[in-house]
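One-based numbering, in listed order, for ligands and for the atoms of each.
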Amino acid sequence: HIKYKKAWKQNIIYEIYPRSFKDSNGDGIGDLPGIISKLDYLQSLGVTALWLNPIYQSPDIDHGYDITDYYSIQPEYGTMKDFELLLEEVHKRDMGLIMDLVLNHTSDQHPWFKASRSDKHSRYRDYYIWRPAGADGGPPNNWSSYLGKSAWTFDEENQEFYMHLYNSTQPDLNWDNPDLRESMYKMMRFWLDKGIDGFRIDAVNAISKDQTFPDSDLSRLQSNGEPFIKNGPYIHDYLQEMNEKVFSQYDIFTAGEMSYISEQDVLDYTHPDRKELSMVISPEASTLGNLPEDEFQQKEWTLDDLREVMQKWQKNVGDPGGWFGLYFSNHDQPRLVNTFGNPVEYRVQSAKMIGTMLHTLKGTPFILQGDELGMTNNPKLHSIDDIKEQQALAYYDVMVNERGEDEEKIMQRIRRKARDHARTPMQWDESNHAGFTTGEPWLPANPNYKEVNVKEQESDPYSVLNYYRRLIEIRKNNPVLTYGEYKAILTDHSQIFAYLRLFMDQTWLVLLNFSEEEAAYSLDPNDIERLADARLLIGNYKESNEIIDLKSGNLKPY
Ligand code: BGC
């Protein structure tokens with residue numbers, strides 16, 4: 001029933017953060033009936049598949065990425081019946097549904113971990129990674145978790161350390177244990193048997209670790225990513241096994257979230273001959289604005305940085321080799337307009353311009369809920385008490401409480417980067433709390449909801465929303481945008497990011513002015529020749545419907 005099932009690369013995927021999408025019962029927390037009530041909206045947007053962030057039972061310390069029961073729905077989101085109805089209603093509208101699959105860790109409240117911790121002879125003992133102290137009595141090695149502290153926590157009861165790449169409340173699973181792997185495959189089949197269309201797999205290239213646990217060489221760590229932690233020794237064996245035993249038995253696609261990967265890694269993970277994953281999604285482009293050049297100084301990214309990332313993903317990977325998602329924002333990053341555009345003077349223009357980039361590059365686009373409205377970072381995040389997400393809270397704790405860093409300096413960084421920016425309630429209309437809930441929202445709405453909301457934008461033909469609808473329509477009707485060759489042009493330009501997309505006899509031109517100033521350009525004669533009969537298809541200013549001279553011109557800000 002789903003048109004894009006076979007041509008899965010042509011999907012346009014919409015990320016729903018269930019906690020913040022739509023609340024149906026006034027408890028201030030989004031839920032599955034809320035999502036169902038908005039499916040017509042999503043269908044009208046034109047997206048072909050929905051990705052739900054985790055909705056499984058969880059103490060919610062990392063908002064669902066810490067699971068206590070993979071087989072049941074978090075009660076505040078609804079029931080299994082609600083889920084089944086959601087799936088049916090999504091399919092009725094000819095869209096697909098993919099679930100978030102968290103394989104690297106569970107919650108420390110998961111019955112497996114409880115058994116593993118309390119009984120060294122339990123069959124679950126070896127589902128997690130336990131080690132005695134290192135020679136100095138400290139952690140077994142020097143690995144650090146993403147939250148800044150050691151990746152090992154000492155457990156009094158066991159007199160041993162357990163490993164966790166994230167929070168200490170998220171112990172890592174031991175994928176070297178075949179029983180654990182079978183348990184996970186069984187769980188995946190449970191969801192696939194319900195008829196879902198695939199998985200987004202969380203942090204998947206972390207599941208195999210070098211269990212000799214060598215110390216990280218910190219210099220290598222910086223240049224090379226995490227050589228022992230990511231892309232570990234058995235990662236491809238486990239993915240091939242998972243594919244053989246699970247994925248290949250269903251008509252689905254899989255998107256593996258990975259950081260620290262090279263072009264070769266993408267090919268290794270997704271080349272069809274290797275039978276592992278369908279595509280890789282990597283936060284590399286979405287974190288351009290946050291390169292940790294210096295702990296506290298935001299590095300101003302340049303178009304050269306963007307071109308470099310694109311050269312890597314666009315030029316060297318693609319049909320018929322590996323495949324990847326176009327991933328410029330998600331629930332872990334600040335809002336798109338803040339990273340790449342101007343959320344104040346040029347919110348509308350820059351949101352449309354970035355949307356144009358997202359929909360005209362090679363790959364499979366992912367839209368974070370609210371990006372289709374040009375939602376922005378929340379200016380109301382002032383003090384640490386305003387923050388709900390654990391990474392920023394843990395970072396604050398390490399830097400301010402443990403290391404005694406200047407609080408204001410740390411808050412400046414948190415205000416810029418906090419994941420809460422991406423998680424404020426979806427802005428439906430101008431009523432209280434953006435129409436998200438009739439109660440008190442778990443996270444306050446961005447105060448700009450009175451101007452920036454779905455209802456307002458529905459009636460404005462020039463809104464960001466209606467521009468996204470056109471972009472999606474164009475992309476769906478023109479496979480060149482999914483598969484066509486990418487050729488960067490005007491590569492010395494300091495304001496314009498420009499490229500051609502080439503496919504059979506077609507040439508498409510995309511010109512994006514990433515600056516607040518007008519930008520003049522003039523094309524290379526060879527490119528002009530290819531574009532001889534070109535016509536303008538879409539532009540992000542009202543007047544862009546006028547015929548323009550493509551050879552040279554002046555692009556307005558953004
Ligand atoms: C998810 C995060 C989550 C982490 C741990 C990530 O890559 O996107 O939201 O905190 O994995 O599960």
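- Cation-pi geometry between Lys194 and Phe190 is satisfied (NZ or CZ under 6.0 Å from the ring centre, within 45° of the ring normal).
- Taking every non-hydrogen atom of Glu257 and a distance limit under 4.0 Å, the qualifying atoms of ligand 1 come out as 6 (C), 7 (O), 8 (O).
- Between Tyr70 and His110, the ring-plane angle classifies as tilted under the 30° and 60° cut-offs.
- Residue contact check: Arg419 has heavy atoms under 4.0 Å from atoms 2 (C), 3 (C), 9 (O), 10 (O) of ligand 1.
- Between Trp8 and Phe253, the two ring planes are parallel [angle under 30°; tilted spans 30° to 60°].
- Distances from ligand 1 to the non-hydrogen atoms of Gln333 include no value under 4.0 Å.
- Atom 3 (C) of ligand 1 has as its closest protein heavy atom Asp62 OD2, 3.3 Å.
- Within the 4.0 Å heavy-atom criterion, neither part of Met258 lies near ligand 1.
- His63 does not count as a contact of ligand 1, since none of its heavy atoms falls under 4.0 Å from the ligand.
- Remark: side-chain polar atoms of Lys275 are not paired, donor with acceptor, to backbone N or O of Gln240 under 3.5 angstrom.
- Heavy-atom proximity to Arg423, at under 4.0 Å, picks out these atoms of ligand 1: 9 (O).
- Below 3.5 Å of separation, one finds an N or O of His105 facing an N or O of ligand 1.
- Aromatic ring centres of Tyr238 and His236: separated by at least 6.0 Å.
- In this structure, Trp51 has its ring center no closer than 6.0 Å to that of Tyr17.
- A 4.5 Å side-chain heavy-atom check between Glu15 and Asn330 finds at least one atom pair inside the cut-off.
- The only option from Arg131, Lys114, Arg117 that meets the salt bridge (Lys or Arg N to Asp or Glu O under 4.0 Å) definition with Asp155 turns out to be Arg117.
- Under a 4.0 Å criterion applied to the non-hydrogen atoms of His331, ligand 1 contributes the atoms 1 (C), 2 (C), 8 (O), 9 (O).
- The closest protein non-hydrogen atom to atom 6 (C) of ligand 1 is Asp202 OD1, 3.1 Å.
- Atom 4 (C) of ligand 1 has as its closest protein heavy atom Tyr166 CE2, 3.6 Å.
- The shortest N or O to N or O distance between Asp332 and ligand 1 is below 3.5 Å.
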